[in-house]
Amino acid sequence: MQMNRFDVIVIGGGIHGLTIGLLAAEAGWRTLLIERRRLGGGATGGWFGILHGGLRYLQRLDILRFRASLVDSRWFLRAFPELVEPQPFLMPLYRRGLKRPAVMRAAMMVNRALGPDRNMRVPQAGKVPPGRVLSADDVARRAPLVPRTGLRGGALWHELVVPDGPALIAALAARARAAGLEIREGVEAQALRHDDTGRVTGLSAGGQDFEAPRIVNAAGSWAPELAGRFDPISTTRFAPPVLAFNLLIDRPPPAAEALSISDGTASDMLFLRPSGSRTFAGTVYLPQEGPADTARVPEGAIAAFLARIERALPGFGAADVSVVSVTSGLLPGTMMGETGLIDRDILLDHSAHGGPRGLVSLQGIKFTTAPSVAREVLRRACQR
Ligand SMILES: Cc1cc2nc3c(=O)[nH]c(=O)nc-3n(C[C@H](O)[C@H](O)[C@H](O)COP(=O)(O)OP(=O)(O)OC[C@H]3O[C@@H](n4cnc5c(N)ncnc54)[C@H](O)[C@@H]3O)c2cc1C
């Protein structure tokens, strides 16, 4: 067997590429993953660490995403129980829109009814109790800085979180290597190779040629540019980028629970998660124009986020806090120059519009749902 001949080549060592590589190798495919920099160095390194359990999707009645999030977050917990843990979340409730006690009580009931299998075959330490609605006094006791005026109560539920993201990526890579995945870091995909009929035959990457009849482009925010190079007419099928960032700030967490709060100015909730003796705050979305490599979080946006936190939680001291680190990445958005995010993964089989046969490109929207996205990618790319 030739060293550079594979059944599948995956481009990109983020959570999507790694999960695709793992599942392909476990299915018995001879699989190569190439990453131009280092594993988990793209948007995957900038995530906020929540494996969403699905509650957030109930407000727009997106049952498919609810179920995918539940099943996939549970997959991570079962596969890496020592790296995933439940964390309580508290959302103070006022008399605003859907975020009222009566609505949240109903949401918790639906959450239970649609997820009776949430704790199925998970280790004891990973089991999450049902969500509930607390009184205003209870919220004030748990989170004393939360504004009291108009406070009606609070929603308390659990999400699975990953305190150490790089450790999860390393564990995933180790499991994938053990299943036979070959991983090469520092190797950049350059050109697609195909025969006269348009069937994919391989890839030129890092100055070498690799043979494979199936290529998965899982290059995250670089996927559209790469797809355009391999198949110029595909460029209109991808989503434009939105820049997102979080801050690790040097201030003790305002509560034992992670807080989901609003400063009343934006529709996005902001989250403050305990991270040891510090607070991890996220997530802010900014318009991104220009190529993915030019994305930078402006100083002014950091200051504006700290001011938002201070408005939401007066007295927390966010305005004069020191920022330990900024983590960021690009996500697929709805429109160039705006901050809305798409709510479905983009999965493109290029042969469907007459492009190269054997090439599939992906723009994934969540770390959480990488396992089900990976299964779908492989179903399309690897039909025997
Ligand atoms: C601030 C922020 C907070 C988030 N919080 C959460 C959260 O709490 N929960 C959640 O579920 N999701 C969250 N997300 C979303 C999640 O992080 C992303 O959806 C996910 O990490 C994207 O993974 P990916 O593998 O598609 O892309 P990436 O992680 O960007 O990986 C793509 C990889 O491809 C490589 N690459 C690019 N071009 C080439 C090439 N030519 N050759 C070889 N390699 C190449 C890049 O170097 C990169 O490593 C968050 C995202 C951000 C930015």
Side-chain angles (χ1 to χ4, degrees), residues 9-21 32-54 56-57 65 68-69 72-73 76 87 89 159-162 165 168-169 172 183-192 203-206 210 215-230 239 241-248 258 268 271 273 280-286 288 291-293 295 297 305 325-333 341-342 345-347 361-371 373-374 377:
I9 298 176
V10 182
I11 304 169
I15 188 61
H16 287 106
L18 266 174
T19 314
I20 294 163
L32 168 71
L33 182 150
I34 57 169
E35 162 55 50
R36 68 172 184 163
R37 291 184 180 152
R38 59 187 169 80
L39 298 180
T44 297
W47 79 311
F48 195 53
I50 304 179
L51 293 168
H52 300 287
R56 56 170 38 209
Y57 301 114
R65 249 203 115 71
S69 298
D72 286 341
S73 56
F76 280 107
Q87 181 165 73
F89 277 67
E159 299 279 5
L160 296 175
V161 299
V162 178
L168 181 64
I169 292 302
L172 196 57
I183 298 178
R184 299 206 196 167
E185 290 178 84
V187 175
E188 178 163 355
Q190 279 141 348
L192 189 74
L203 194 67
S204 300
F210 298 91
I215 308 284
V216 176
N217 167 15
S221 46
W222 296 270
E225 189 269 324
L226 203 55
R229 212 188 302 162
F230 295 167
V242 169
L243 177 60
F245 74 90
N246 309 308
L247 302 177
L248 180 62
D268 302 330
F271 291 88
R273 272 184 52 206
F280 198 24
T283 294
V284 176
Y285 304 96
L286 302 172
Q288 161 70 21
D293 278 335
V297 179
F305 185 32
S325 60
V326 182
T327 49
S328 65
L330 294 172
L331 296 172
L341 300 175
I342 57 171
D345 306 280
I346 295 179
L347 220 171
S361 290
L362 163 71
Q363 262 187 309
I365 58 174
K366 283 284 174 200
F367 190 115
T368 306
T369 40
V373 171
V377 167

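The chain is numbered in sequence order, starting from 1. Just so you know, ligand 1 is whichever comes first in the structure, and atom 1 is the first atom listed for that ligand.
Proximity of Trp222 to ligand 1, defined as any heavy-atom pair under 4.0 Å, is confined to the side chain (atoms from C-beta onward). With a 4.0 Å cut-off on non-hydrogen atoms, Thr368 touches ligand 1 through its backbone as well as its side chain. Contact annotation: for Ile365 versus ligand 1, heavy atoms closer than 4.0 Å belong to the backbone alone. For Gln190, no heavy-atom contact with ligand 1 is shorter than 4.0 Å. Contacts between Ala218 and ligand 1, counted as non-hydrogen atom pairs separated by less than 4.0 Å, involve the backbone only. Under 4.0 angstrom from ligand 1, the non-hydrogen atoms of Val187 all belong to its backbone.
Among the atoms of Ala189, some N or O lies under 3.5 angstrom from an N or O of ligand 1. At a 3.5 angstrom cut-off on N or O pairs, Ile15 counts as close to ligand 1. Residue Asn246 has no N or O atom closer than 3.5 Å to an N or O atom of ligand 1. The distance criterion of under 3.5 Å between nitrogen or oxygen atoms is met by Phe367 with respect to ligand 1. Of the N or O atoms in Thr283, none lie within a sub-3.5 Å distance of an N or O in ligand 1.
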Check the pair Thr327, Phe245 against side chain to side chain contact (heavy atoms under 4.5 Å, CB included), reporting the backbone distance first and the verdict last.
CA-CA 6 Å; Thr327 49; Phe245 74 90; over 6 Å; no
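Taking the ring centroids of Phe367 and Phe76, they lie under the 6.0 Å cut-off.
In summary, the side chains of Thr369 and Arg65 do present a donor paired with an acceptor at a separation below 3.5 Å, with no hydrogens or angles considered. Side-chain contact, Asp293 with Trp222: a donor N or O sits under 3.5 Å from an acceptor N or O. With 3.5 Å as the limit, one finds no donor-acceptor pair spanning the side chains of Asp72 and Thr368.
If you number the atoms of ligand 1 from 1 as listed, the ones under 4.0 Å from a heavy atom of Gly220 come out as 26 (O), 27 (O), 32 (C). Of all atoms in ligand 1, numbered sequentially from 1 with element shown, those under 4.0 Å from a heavy atom of Gly49 are 8 (O). Short contacts between ligand 1 and Ile50, defined as distances under 4.0 Å to a heavy atom of the residue, involve ligand atoms 7 (C), 8 (O), 9 (N), 10 (C), 11 (O).
Between Thr44, Leu226, Leu331, it is Thr44 that holds the heavy atom closest to atom 29 (O) of ligand 1. Summarising the contacts of atom 30 (O) of ligand 1 with Gly45, Gly329, Ala43, Gly17, the nearest heavy atom is found in Ala43. Distances from atom 33 (C) of ligand 1 to the heavy atoms of Glu159, Glu225, Glu35 show the closest one on Glu35.
A 4.5 Å side-chain heavy-atom check between Val216 and Ile11 finds every atom pair outside the cut-off. Proximity of Ile365 to Leu341: side-chain heavy atoms (C-beta onward) are nowhere separated by under 4.5 Å. With a 4.5 Å cut-off on side-chain heavy atoms, Leu18 and Ile169 count as touching.
Between Phe271 and Phe48, the ring planes lie tilted relative to each other; the angle falls in the 30° to 60° range.
In this structure, Arg36 CZ and Glu185 CD are separated by 13.5 Å, a value rounded to the nearest 0.5 Å. Note: Asn246 CG to Leu248 CG = 9.5 Å, rounded to the nearest 0.5 Å.
Using a non-hydrogen distance threshold of 4.0 Å, Gly282 does not register as a contact of ligand 1.
In terms of protein heavy atoms, atom 45 (C) of ligand 1 is closest to Arg36 CG, 3.6 Å.
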